[in-house]
Amino acid sequence: MQVSSIAEQLMYTTVRIETRSAAGDPGVGTGFIFGVDQGNGTALFLVTNKHVIDGAKTGFLTFTLDNGGTPVLGKRYVLRIDDFERMFTGHDDADIDVAAAPFVPILNHLAENGIQVFFRSVGADLIPDQHAMEQLDALEDVIFIGYPNGIWDAENNLPVIRRGITATPIAVDFQRERKFLVDAAVFPGSSGSPVFLYNVGSYAQKSGGTVIGSRILFLGVIAAVFFREDAGKIQMVDIPTGQVPIAVVRQMINLGIVFKSQTVLETVEKIMGVAASS
């Protein structure tokens, strides 16, 4: 498979994360590879939610093998990592559900064992600054990539791409917290999915004009979803990672909570700061 379009490349930014707790309880979520240009190279990180790796004694990362810069469909490698939770660093704010781990040590370990994997990274340059966010309308098209309900193309090791719209303005902090809402079908396994503003061919400006061209921005990370409970009460909860049934009296209402992409950058900068001082 030749990976050339933006959409094709985005599919290879994600990594399927499976976990096992000390008690053996399974979980599944999404991670993605995030890169920060340092001038002399790119620092790479594996990003997900704190609650995806919380209590994870063992983690399993599934990669597609590389052959001369091309992904080999149907050929994958599963890397087992013990003490999985300990390799991650969470955002300093306990309420921001973002965690990251250095990715280069993982690549080095694979290379030492003669394994080359194919991936793409989400660049920090795709993060919109405040001015750019204010140019976005209250309603924008978004996509997110991951493994909803654990569903994936296991034969080809490909994630699932889902589409939605912003449900609150990206430039405004929802409930004065650093997140916004998307109107989309968000299910267990979507935890940690990267969210992108994605326009191909043309897009409408907030001012009312139309721009011919494409536009992609990294907007954030899906972490939670709203449920409607038996008595009509609406509650926000972390997206479950375990494959457990949800009672009929607890229904998803297709509103996902996204932590803004700047929180990802802050998390990896914390890791880079620790590395630079050690």
Side-chain angles (χ1 to χ4, degrees), residues 4-14 30 32-39 42-43 45 47 49 91-93 95-98 100 120-146 161-186 190 192-226 236 254-270:
S4 55
S5 73
I6 294 174
E8 288 173 335
Q9 294 189 60
L10 289 179
M11 295 189 78
Y12 286 97
T13 63
T14 64
T30 302
F32 65 95
I33 301 163
F34 181 77
V36 180
D37 188 2
Q38 295 186 303
T42 302
F45 301 87
V47 179
N49 297 136
H91 192 282
D92 281 336
D93 188 332
D95 293 327
I96 294 178
D97 194 359
V98 174
R120 292 290 184 262
S121 62
V122 179
D125 59 324
L126 293 180
I127 297 177
D129 58 21
Q130 188 62 29
H131 174 74
M133 285 195 294
E134 290 173 354
Q135 304 309 305
L136 301 177
D137 209 341
L139 188 153
E140 296 282 0
D141 292 324
V142 297
I143 63 169
F144 56 102
I145 306 169
I161 301 176
R162 309 207 76 173
R163 182 182 293 275
I165 59 173
T166 55
T168 62
I170 299 168
V172 178
D173 289 343
F174 178 72
Q175 297 283 47
R176 297 187 183 276
E177 298 177 351
R178 299 175 66 193
K179 53 193 179 185
F180 65 94
L181 302 186
V182 292
D183 181 355
V186 178
S190 295
S193 292
V195 180
F196 302 92
L197 182 149
Y198 183 74
N199 303 125
V200 176
S202 66
Y203 57 92
Q205 292 181 304
K206 186 176 180 179
S207 61
T210 299
V211 175
I212 303 301
S214 299
R215 178 176 62 167
I216 179 170
L217 296 172
F218 171 47
L219 300 180
V221 186
I222 287 183
V225 68
F226 282 100
M236 183 190 78
N254 286 356
L255 282 177
I257 294 92
V258 181
F259 284 96
K260 295 185 177 182
S261 50
Q262 189 65 33
T263 65
V264 173
L265 184 59
E266 291 166 357
T267 304
V268 303
E269 285 178 340
K270 174 184 175 181

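Counting only heavy atoms from C-beta outward, the side chains of Ile145 and Phe196 approach each other to under 4.5 Å. Within the 4.5 Å cutoff, the side chain of Met133 has no heavy atoms near those of the Gln262 side chain. The closest side-chain heavy-atom distance from Ile143 to Leu10 is below 4.5 Å. Inter-residue side-chain proximity for Ser261 and Pro128 is flagged as met; some heavy-atom pair is nearer than 4.5 Å. At a threshold of 4.5 Å between non-hydrogen side-chain atoms, the residues Val264 and Val221 count as touching. Residues Asp141 and Ile165 are in side-chain contact: their nearest non-hydrogen atoms beyond the backbone lie under 4.5 Å apart. Side chains of Leu136 and Pro169 form no contact here, defined as non-hydrogen atoms less than 4.5 Å apart. When side chains are defined from C-beta on, Ile257 does not count as touching Asp97, because their heavy atoms never get closer than 4.5 Å.
With rounding to the nearest 0.5 angstrom, the NE2 atom of His91 is 4.5 Å from the OG1 atom of Thr267. A distance of 7.0 Å separates CG of Leu217 from CG of Leu126, quoted to the nearest 0.5 Å. Thr168 OG1 to Phe180 CZ: the interatomic distance, rounded to the nearest 0.5 Å, is 7.0 Å. Once rounded to the nearest 0.5 Å, the distance linking CZ of Arg120 with CE of Met11 reads 13.5 Å. To the nearest 0.5 Å, atoms CZ (Phe144) and CD1 (Ile161) are separated by 11.0 Å.
Formation of a donor-acceptor pair under 3.5 Å by the Asn199 side chain with backbone atoms of Ser202 is not found in this model. Although no hydrogens or angles enter the test, the distance criterion places a donor-acceptor pair under 3.5 Å between the side chain of Glu140 and the main chain of Asp137.
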side-chain contact (heavy atoms from CB on, under 4.5 Å) between Ile170 and Leu219, worked out:
CA-CA 8 Å; Ile170 299 168; Leu219 300 180; 3.6 Å; yes
How far apart are the C-alpha atoms of Leu265 and Phe34, what are their side-chain angles, what is the distance that settles it, and do they pass the side-chain contact (heavy atoms from CB on, under 4.5 Å) test?
CA-CA 9 Å; Leu265 184 59; Phe34 181 77; 4.2 Å; yes
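Among the candidates Val186, Thr30, Thr14, Val258, the single residue satisfying the side-chain contact (heavy atoms from CB on, under 4.5 Å) test with Ser193 is Thr30.
With sequence neighbours excluded, no residue satisfies salt bridge (charged side-chain N to carboxylate O under 4.0 Å, His left out) with Asp95. With sequence neighbours excluded, the residues forming a side chain to side chain donor-acceptor pair (under 3.5 Å) with Asp173 are Lys260, listed by chain and number.
For Phe32 and Phe218, the ring centers sit closer than 6.0 Å to each other.
A pairwise comparison of heavy atoms in Arg215 and Tyr203 identifies CZ-CD1, 3.4 Å as the closest pair.
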